[in-house]
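Computed from heavy atoms alone, side chains included, the values below leave out hydrogens, waters and symmetry copies. Quick note on labels: first sequence line is chain A, next is B, and so on, each numbered from 1.
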Number of protein chains: 2
Amino acid sequence: MRTLTTRQSEILTFISKVISTEGMPPTRKEIAQKFGFKSANSAEEHLKALDKKGYIDLHGGTSRGISINRSFLGIPIVGSVAAGSPLLAVENVEERIEFNGNIFSDSVDYFLRVKGDSMNEVGIIEGDLIAINKRKDVKLGDIVVARINDDVTVKTLFHFDKKKVILRPENKNYKDIEINTSIESFDIEGKCLGVLRNYN
Amino acid sequence: MRTLTTRQSEILTFISKVISTEGMPPTRKEIAQKFGFKSANSAEEHLKALDKKGYIDLHGGTSRGISINRSFLGIPIVGSVAAGSPLLAVENVEERIEFNGNIFSDSVDYFLRVKGDSMNEVGIIEGDLIAINKRKDVKLGDIVVARINDDVTVKTLFHFDKKKVILRPENKNYKDIEINTSIESFDIEGKCLGVLRNYN
DNA sequence: TCTCATACTGTGTATTTATACAGTATAAAT
DNA sequence: ATTTATACTGTATAAATACACAGTATGAGA
C-alpha cells in the first residue's frame, strides 16, 4: 500500500475522527475549515489522493460520500507469532475485527489469540482473544504479554526487578517462569485489558 | 420516553442500519425510496416526529444531519435480575455499552453480568459479561440463559425433552439441575454467543 | 363534533455540497 | 531539463439536499 504524506495522513485521521464523533463523514468545506484551507478544492484534492492510494472510497455525487477502507479499520488479531518477529508484523495478523467503542478500560492496540491452558484458572482459555494495550507501564499482578528470547507468552507478572522477573501461569500444573534478565532477553509487549470469546 | 409508532420505529431502525453499513446517515430522499414514499417530505415528517420524541437529533441545514440519541445506542448490560421481572426491564439494565461490529457470530441483544462460579471450568467467571441472543433455537451443548420459576441462571443445556430439562453447571462442585417441566416453569431466555471481560 | 397525531402526495426553493477548471508554487523523480 | 506529485487559492456551477407550505385521508381522544 502506498504511503501517505503527512497532510494526507492528517486528513485521513480527521475524517475517521469526525465519523466516530459526529456520526457522519465531513464535507469538503468542513475539512477545509479544520485545516484552514481557503478553498474547498484543497480538501477535494486530498480526498482524491487518498482515494487513489486506496485509503478511502469516494461515492460520486453523494454528500459526505466518504468511506474509509475497511482494511484500515478494525483492530488486528494476532494469531501464531513467528519466533522473533514483531507481534504486529503482517504475517502474524490473522484478521481484523471491527470494533469501536469503549468496552475496555484503555485503547486496544491488538487482540492476541490465546494458545494453551496456562491461564485457565483466571478464565482465559485456548482460542480466547485477549485485548492488548502496548504501553509498558504494567504493575505486579497484571496479566502481560511478554517476550522471552523470541518467544511470546501471556502470564501474570509476579515479580520484577533489575535482575530477575517472575511470570506466573494461572494453572497449578505449570510452574513459575523465572527469567534472569542478565543472560536472557526479556520484554513486556503489552498489558492485557480484557478477554473476548466468541462461541460458534 | 414517548413510544414510537410502527412506522417511526421502522424508520429509526433503517437510519441506524444505514449508519452502520454505509458509514453515514441517509438523506430524506433515500429514506423515502426505501419505504416507497413518493415524496421526500414524508421522510422529513417522520424525522421531525422522531426528533420531537427525543430519539434522534436533527442538525438543521446539514446534509445527512441525523444523529441517533446515544441513550438508545449501545447494548444494555443486565445486572442483577429482580425475581420474576423481564431481563430487559429498565430496573435490571445497569448501563449500556457502545458496541458495533461483528465481533460475535450473531446479533447481541444484551449482555448479562455473570454471578457466581458455576461456569468456571469453561472460562466464565464472576463479573464477566456474556453476550446473549434472545432467539430460542438453542441446541444441546449450548450455554443458555434460562429461567426456572422466576430465577434466571446461566448453564450448559445438557438434556431437553417434553417432560424434563437438565442444565449442567461447568464446575465439579455443583450438581446438574433437573427440571420437571410439568410442575416447574421453565424458559430459555437466550443463547450465549460469547464472553467479554474487562480488567481494571 | 372538533381537534390532534399520524401518514402520506406534490410542489417549490434556498442552501449545501461535490467537483470541474484555471492558476501559483515547491520538491522529488526521470 | 522536464515531468510528476504535492499543496494550495479562487471561481463557477450542476446536482444534491433540507425543508417549508399546501393538500388528502384516517383514527383516537376530548
Phosphate OP1/OP2 of D/dT6 contacted by A/His46 side-chain N/O (<4.0 Å): no
Any donor-acceptor pair under 3.5 Å from B/Asn120 side chain to B/Asn171 backbone: no
A/Asp57 and A/His59: side chain donor to acceptor below 3.5 Å: no
D/dA18 OP1/OP2 closer than 4.0 Å to side-chain N/O of B/Arg28: yes
Closest contact, heavy atoms only, A/Phe160 versus A/Leu140: N-CD2, 4.0 Å
Whole angstrom value for the distance that separates C1' of D/dA5 from CG of A/Leu50: 14 Å
Phosphate OP1/OP2 of D/dT17: any B/Arg64 side-chain N/O under 4.0 Å: yes
Closest to the B/Thr27 side chain, choosing from C/dC8, C/dT17, D/dT17: D/dT17
Selection from C/dT6, C/dT9, D/dT9 that lies nearest to any side-chain heavy atom of B/Thr5: C/dT6
Shortest side-chain distance from A/Glu45, nucleotide among C/dA7, C/dG10, D/dC8: D/dC8
Interatomic distance, A/Asp51 CG vs D/dT6 P [rounded to whole Å]: 13 Å
Phosphate OP1/OP2 of C/dA5 contacted by B/Gln8 side-chain N/O (<4.0 Å): no
Whichever of B/Ser42 and B/Ser63 has its nearest DNA chain C nucleotide further upstream toward 5': B/Ser42
Phosphate-side-chain proximity, A/Lys53 and D/dT6, N/O vs OP1/OP2 below 4.0 Å: yes
Phosphate contact (C/dT19 OP1 or OP2) by A/Lys48 side-chain N/O below 4.0 Å: no
Interatomic distance, B/Phe37 CZ vs C/dA7 P [rounded to whole Å]: 9 Å
Whole-Å gap separating P (D/dT9) and NZ (A/Lys29): 15 Å
Ring centers of A/His46, A/Phe37 separated by less than 6.0 Å: yes
Distance, rounded to the nearest Å, where B/Gln33 contributes CD and C/dT9 contributes P: 13 Å
Whole-Å gap separating P (D/dC8) and CG (A/Asn41): 12 Å
Interatomic distance where CD1 belongs to B/Ile31 and P belongs to C/dC8 [whole Å]: 12 Å
Selection from D/dT9, C/dT19, C/dT17 that lies nearest to any side-chain heavy atom of A/Ala40: C/dT19
Closest to side chain of B/Glu44, choosing from D/dA18, D/dC8, D/dT9: D/dA18
Check: A/Glu94 main-chain N/O paired with A/Arg113 side-chain donor or acceptor under 3.5 Å: no
